[in-house]
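Note that the numbering runs from 1 along the sequence shown for the chain. This structure is a prediction, so every number in the text was calculated from the model and none was measured.
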Amino acid sequence: MQGHRSRIEDVLERAGIIASIRSPEADCARAGHDQLAQLWALLWAETERRQLVLDAMYQAQQYYFDTAEVEAWLSEQELHMMNEEKGKDEPSTLQLLKKHLVLEQTIEDYAETIGLLSQQCRQLLEMGHPDCEQISKRQSQIDRLYVSLKDLVEERKSRLEQQYWLYQLNREVDELEQWIAQREVVASSPELGQDFEHVTV
């Protein structure tokens, strides 16, 4: 279109000059000029309309591609959250909890990506894209997956924290039992001590 534009404009200009002459031959040129101008305007308008449709289709395909990537990432993270791995002791549980907190932050940061995807969806809906219904369903599905993943993150975090607190409590109970056992030995000793300092120990 752009390549032929200057040629069409040149022909229209020359036909316009010929059409301005008052003669029977010029009537034919005038009719040709008017018809060519009308066809050119129609072709140009149709090309612009087609370009808009192609742009909308491209944006929709880009949206579908982006949603597929987001969906794959969310599914992968969901598998991580369903992992039932538990620490065997306090340090290993603490290590798992630290890893989980890093992953939780990564998932929290992913909200920005979900927001951009939602913005793409809104733009397509505002354009009146022919696939509006499908696009809207797809966005709802992504939003539900993200909310579900965040719920799984909280559940796993809660389980790991409870396990860590349990190991901490067990360690503190063991330390307390040892301290009590040591004090029982001293308390049950028949020795009364030799002086004041010895008695207070």
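- D66 and Q62 share a side-chain donor-acceptor pair at under 3.5 Å.
- Inter-residue side-chain proximity for Q119 and L116 is flagged as met; some heavy-atom pair is nearer than 4.5 Å.
- Rounded to the nearest 0.5 Å, atoms CZ (R183) and CD1 (I180) are 10.0 Å apart.
- Within the model, atoms CH2 of W44 and CZ of R49 stand 15.5 Å from one another, a figure rounded to the nearest 0.5 Å.
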Original post:
So R122 and S118, side-chain hydrogen bond (donor to acceptor under 3.5 Å, both in side chains) or not? Walk me through it.
Top reply: CA-CA 6 Å; R122 276 193 306 279; S118 181; 3.0 Å; yes
**OP:** Kindly determine whether K137 and Q141 satisfy side chain to side chain contact (heavy atoms under 4.5 Å, CB included), including the steps that lead there.
**Re:** CA-CA 6 Å; K137 284 180 184 176; Q141 182 181 3; over 6 Å; no
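- The number of heavy atoms from other shown groups lying within 6.0 Å of CD (E112) does not exceed 12.
- Linking Ile, Leu, Val, Met, Phe, Trp and Tyr residues whenever their side-chain heavy atoms come within less than 4.5 Å leaves F65 and L117 in two separate clusters.
- The two residues I107 and Y146 have their closest heavy-atom pair at O-OH, 2.8 Å.
- Under a hydrophobic-cluster definition in which Ile, Leu, Val, Met, Phe, Trp and Tyr are linked whenever side-chain heavy atoms come within less than 4.5 Å, directly or via other members, L145 and L103 are assigned to the same cluster.
- Proximity of a side-chain donor or acceptor of Y110 to a complementary backbone N or O of W73 within less than 3.5 Å is not detected.
- Listed by chain and residue number, P91, S92 satisfy the side-chain contact (heavy atoms from CB on, under 4.5 Å) test with D89 (two or more places apart in sequence, or in another chain).
- Here the side chain of R156 pairs a donor or acceptor atom with the backbone of N83 at under 3.5 angstrom.
- Side-chain contact of W165 with E161: a donor-acceptor pair under 3.5 Å is absent, judged by distance alone.
- No hydrogens or angles considered: a donor-acceptor pair under 3.5 Å links the side chains of Q139 and Y63.
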**OP:** Kindly determine whether L166 and N170 satisfy side chain to side chain contact (heavy atoms under 4.5 Å, CB included), including the steps that lead there.
**Re:** CA-CA 6 Å; L166 181 63; N170 285 338; 4.0 Å; yes
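- In this structure, the side chain of S75 engages the main chain of E71 through a donor-acceptor pair within 3.5 Å.
- Using a cut-off of 4.0 Å between Lys/Arg side-chain N and Asp/Glu carboxylate O, E46 and R50 are scored as not salt-bridged.
- With rounding to the nearest 0.5 Å, the separation of CD1 in I135 from CD in Q123 is 11.5 Å.
- Taking each heavy atom of G87 and Q163 in turn, the nearest pair found is O-NE2, 2.8 Å.
- Side chain of S136 to main chain of E133: no donor-acceptor pair is present (N/O by atom type, distance under 3.5 Å, no hydrogens or angles).
- In this structure, L125 CG and Q120 CD are separated by 11.5 Å, a value rounded to the nearest 0.5 Å.
- Under a hydrophobic-cluster definition in which Ile, Leu, Val, Met, Phe, Trp and Tyr are linked whenever side-chain heavy atoms come within less than 4.5 Å, directly or via other members, V102 and L160 are assigned to different clusters.
- Shortest non-hydrogen contact noted between L149 and L74 is CD2-CD2, 3.7 Å.
- Residues M81 and L152 share a closest heavy-atom pair of CB-CB, 3.8 Å.
- Minimum interatomic distance between I142 and T67 (heavy atoms only, all atoms of both residues): CD1-O, 3.7 Å.
- No side-chain donor-acceptor contact under 3.5 Å links Q59 to the backbone of L124.
- Contact detail for Y64 and Q134: the closest heavy-atom pair is OH-CG, 3.5 Å.
- Although no hydrogens or angles enter the test, the distance criterion places a donor-acceptor pair under 3.5 Å between the side chain of T47 and the main chain of L43.
- Note that CG of D109 and CD1 of I114 are 12.5 Å apart. Values are rounded to the nearest 0.5 Å.
- At least one side-chain heavy atom of E177 sits under 4.5 Å from a side-chain heavy atom of V173.
- In this structure, E108 pairs ionically with K150, as a charged nitrogen and a carboxylate oxygen lie closer than 4.0 Å.
- Here Y164 contributes atom OH and Q95 contributes atom CD; the two are 11.5 Å apart, rounded to the nearest 0.5 Å.
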